[in-house]
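Below is one structure, written out as structure tokens; the observations come after it.
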Amino acid sequence: MKAIRRFTVRTVLPAPIAALGDLATNLRWSWHQPTQDLFESLDPDLWAESEHDPIGFLGSVTREKMTALAEDPDVVERIAAAGEDLRQYLEDPRWYQTLGADSPRCIAYFSPEFGITEVLPQYSGGLGILAGDHLKAASDLGVPLIGVGLLYQSGYFKQSLSRDAWQQETYPVLDPDALPLTLLKEEDGSPAVVTLPLPNGRKLHAHVWRADVGRVPLLLLDSNVPTNDDGARAITDRLYGGGGDHRLQQELLLGMGGVKALRIFERLTGARAPEVFHTNEGHAGFLGIERIQELMSGEEPLSWDEALVAGRASTVFTTHTPVAAGIDRFDAAQIKFFFDAGLAPDVPTAKILELGRESYDGGDPSVFNMAVMGLRLAQRANGVAKLHGQVSRAMFSGLWPGFDHSEVPITSITNGVHVPTWIDPAVTTMADIMEPGSAAGGRWDLVFNVSDEEIWAVRRKLRGRLIEDVRRRVRAAWKKRGAADAELGWTDSVLDPDVLTIGFARRVPTYKRLTLMLRDPARLKRLLLDPEHPIQIVIAGKSHPADDAGKRMIQDLVRFTDDPEVRHRIAFLPNYDIAMARTLFPGCDVWLNNPLRPLEACGTSGMKAAINGSLNLSVLDGWWDEMYDGVNGWAIPTASDKASPHERDDVEAAALYDLIENQVAPRFYGAPNKVGGADSAGAAGPSSTAGTKGVPKHWISMIKHTLSHLGPAVSADRMLGDYVRELYTPAALSGRAVRTDDFRQARELAAWTKHVRTNWSQVHVEHIDSSGLSEVPQIGDRLHVNAYLNLGVLNPADVRVELAYGRVDESDELTDTHIAELEAVENLGNGRYLFDGTVSVDHSGAFGYTVRVMPQHEGLASKAELGLVVNAG
């Protein structure tokens, strides 16, 4: 018989072991090995059966077993000690508490997905994993962060394969009561409710669930509540499900509903109001509209212009995509339809539409662009790697016309990974290199104290554990595809613990080129089956359900792995998730990444491999472009920009094969390289395998170098420190400044901005003259420049006048530019002023200069902020 209702009953814990409840519901256990070890010690078999889920584990313990545990003094003592350790972790000062009063008192971090643990499957890929790592690192460092997201009824999806290797998706419904969540409730015990108006008189209600990520509360809004109609209940059905109105309503609930949820949380818990709002990608951009609505409807209401200034000052926007296709864009009429329903009754809908309008060269004015709105609502913005920052500045340069791409006010903070989550305990016990909660990043250099033999033994142990997991998963995948046990004896010998193991796992959009390795199938086979230096490859990844091109790539790859000739050397693992990643990253010797450059914003999977002693083999894209140093792995050469897509893939695949055959594999086996000289170790002959003869000294030296140099560089602790110093603290200071004295600076800056914009067309450079150069200019000459400007009704204090000078190319473009500020020295009347300044000529060759004028105000975060500039000529 089938049940008509289903609910989860949580265990009542005896008082002596009640601390198990706190240990299970606080997600610190997901990265705190001692807590996991404690649960496992209580019942190893049940712990394995629960798939390492403390809530599920406690729910499976019998009453008799629970009573016996409560009566065991040793168990009670260990649980009490673990509970006290958690209490101290949550309450004791950490790195952030050593900072000064300038640091923000609270930061709200909005993201559409959070990848914290497989037990809470609210993530699809890199964006969510990064958000989860951001919260965990904030907890370890003591950063007062609050996460805000959505609770999806089915998470993302579970992936399996059909008999013909086509991706299939299933969406198992999650029961919030079975997850490490607590429902936010009013004082009378009723659920706290967030409400948004929808068109046609409908209402969207959402409950708020709280997850505790160490010290960081994470608020997740859930529309699956009885007071909603069927359409509203389904808004949070699945991550990135549906499109059109469905996606828009998810983003309205995340942004606007998320701010409302924060206010309820503050009221019910006494939590501090956030001083900084961080928008993690454009999906959450509507949070800015809700904050403007708050300011325009307060006791001392601000105007639209004033509220925009006040909201922007304390907002940070992070863009994660280097391609326009990765940005959510809606029809402007669709946005108007929803906001006309009263979502922000005091905010003019026309103003909202202007925020997202692509009103620049090459844009579509009928489209509402979520990233464009995010940038216009934030005074500070960043990409997620140095190269991605460059790409983003070029991509969004239309918002700042007249400025060079390098001056577009989008900085970069390179992503990092939460080391305690992703490093294997075997690596941490090998060398005490971790100091979680220290922005210094730990003592990774201690790896040099570990013998080569011990490192090699640990690497083989991790490889062997991965192989066990691969065999189990391959067998299970084949059974789901319809194979019988009698057909699957070969799965017991999939992969070899002594063979070079290459990993490739990520989402499967076409630009990540899952199948580049199949460009020459015969050559790949030769590499896999090489008698002296064989390789083996483990692959995983999900394609978006609507992405048939990605699904075809998976199908092509799986069909290759099905070949009996090579299936013992290459495997595709369905349903890539955090649990799989924890074995995959440590177990691979080499991590492969071959996206189309520069379409990988950051790509943190290679970071997770690196902190476990894996070497990267990657195109110079994302984080690898700035952190590859020639010793920590290999860079796959890229084709010329002039090459066709077909030629490009041919060139880059050939380069990949050559690197593996001639450098990577020989070095792993301790043999002389086929190209580029002998391995310095010479520990094993070319016919040996790594597990049977000696230790490849050169390979081990690369591992030590990778751990010591990349360990601190790729740590999320480093990333959070960068955010605090470079974005959060400046945003907090700006936010405080605009709010003081009843928003005096916000009102002044809004009025000044309107004045400048209205009269900017009057500003122009009338004339420039110079003196001081020799008849034949030479190094050391002093160039004196006079600039005659007409500022109209503006004053010299309203503008910054710059002399830009340096080398020039054949088209007279400045290429090595230096900037000097010119000073106002004379009022010539009628709005005309003389500015001057002097610079040294410091190099030979073609030299040039120009003058430009920009608005200047203490409330602006950058000289390009308003997008206004007048260039001479």
Side-chain angles (χ1 to χ4, degrees), residues 3-29 53-56 58-59 61 63 66 83 86-87 90-91 106 108 114 116 119-120 122 146-153 173-198 202-230 232-237 253-254 256-274 290 294:
I4 61 170
R5 283 192 65 204
R6 181 180 185 274
F7 54 89
T8 299
V9 179
R10 290 202 175 177
T11 302
V12 177
L13 294 165
I17 58 173
L20 284 175
D22 295 331
L23 292 167
T25 53
N26 192 300
L27 291 169
R28 185 185 74 144
W29 65 259
D53 173 6
I55 296 289
L58 293 178
V61 176
R63 182 175 297 180
M66 202 69 75
L86 176 61
R87 186 196 66 77
L90 298 178
E91 297 177 2
C106 183
F114 287 91
I116 297 161
V119 169
L120 189 62
Q122 302 292 308
I146 300 176
V148 182
L150 301 179
L151 180 67
Y152 303 98
Q153 299 158 34
V173 176
L174 302 171
D175 177 5
D177 289 317
L179 300 174
L181 302 170
T182 55
L183 188 62
L184 196 62
K185 293 183 178 181
E186 298 287 352
E187 291 182 3
D188 63 2
S190 63
V193 179
V194 167
T195 300
L196 296 180
L198 294 178
R202 297 170 60 228
K203 299 283 186 182
L204 168 60
H205 306 288
H207 289 169
V208 183
W209 295 87
R210 172 178 176 169
D212 287 300
V213 187
R215 301 164 70 111
V216 174
L218 169 59
L219 307 180
L220 300 172
L221 285 83
D222 174 17
S223 73
N224 186 25
V225 299
T227 50
N228 279 333
D229 59 36
D230 289 345
R233 291 189 74 157
I235 286 173
T236 56
D237 57 352
L253 180 60
L254 171 60
M256 304 189 74
V259 174
K260 292 178 184 293
L262 276 172
R263 302 313 183 200
I264 294 173
F265 182 73
E266 294 163 22
R267 172 172 58 81
L268 294 177
T269 67
R272 285 177 162 173
E290 179 64 24
E294 289 180 334

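Starting from 1, each residue takes its place in the sequence as its number. Only heavy atoms go into these numbers, but all of them, side chains included; no hydrogens, no water, no symmetry mates.
- Not a single donor-acceptor pair under 3.5 Å links the side chain of E290 to the backbone N or O of G257.
- Taking all atoms of both residues into account, the shortest heavy-atom contact from Y152 to L174 is O-CD1, 3.7 Å.
- A heavy-atom distance below 4.5 Å is not found between the side chains of N228 and I235.
- Residue pairs that meet the salt bridge (Lys or Arg N to Asp or Glu O under 4.0 Å) test with at least one member in residues 210-227, sequence neighbours left out, are R210-D212.
- The CG atom of N224 sits 10.0 Å away from atom CG of D230, with the distance rounded to the nearest 0.5 Å.
- Note: L253 CG to L221 CG = 5.0 Å, rounded to the nearest 0.5 Å.
- Going from atom CG of L219 over to atom CD1 of I264 covers 9.5 Å, rounded to the nearest 0.5 Å.
- Distance CG/L198 to OG1/T195: 10.0 Å, rounded to 0.5 Å.
- The salt bridge (Lys or Arg N to Asp or Glu O under 4.0 Å) check on R263 picks up E266, E294, with sequence neighbours excluded.
- In this structure the side chain of M66 reaches within 4.5 angstrom of the side chain of I17, judged on heavy atoms.
- In this view, R233 satisfies the salt bridge (Lys or Arg N to Asp or Glu O under 4.0 Å) rule with no residue, not counting sequence neighbours.
- Sequence neighbours left out, not one pair with a member in residues 14-24 passes salt bridge (Lys or Arg N to Asp or Glu O under 4.0 Å).
- R272 is linked by a side-chain contact (heavy atoms from CB on, under 4.5 Å) to R105, C106, counting only residues two or more places apart in sequence or in another chain.
- Inter-residue side-chain proximity for R28 and L90 is flagged as unmet; no heavy-atom pair is nearer than 4.5 Å.
- Proximity of S223 to L204: side-chain heavy atoms (C-beta onward) are separated by under 4.5 Å at one or more points.
- Taking the side chain as every heavy atom from C-beta outward, V193 and H207 approach each other to under 4.5 Å.
- Contact annotation: the side chain of L220 never approaches that of T236 to less than 4.5 Å [non-hydrogen atoms, C-beta and beyond].
- Minimum heavy-atom separation, V119 to P180: CG1-CD, 3.9 Å.
- Atom CG of L254 sits about 12.0 Å away from atom CE of M256, to the nearest 0.5 Å.
- Taken to the nearest 0.5 Å, the CG atom of L181 stands 5.5 Å off from the CG atom of L120.
- Among residues at least two apart or in separate chains, salt bridge (Lys or Arg N to Asp or Glu O under 4.0 Å) pairs with a member in residues 180-189 are E186-R267.
- When all heavy atoms are compared, the tightest approach of L27 to A211 is CD1-CB, 4.1 Å.
- No side-chain heavy atom of D177 sits less than 4.5 Å from a side-chain heavy atom of L183.
- Between F114 and L218, the closest side-chain pair of non-hydrogen atoms falls below 4.5 Å.
- Residues A192 and L268 approach most closely at CB-CD1, 4.2 Å, considering heavy atoms.
- Here the closest non-hydrogen pair linking L196 and K260 is CD2-CE, 3.5 Å.
- The shortest non-hydrogen separation linking A24 to W29 is O-NE1, 3.2 Å.
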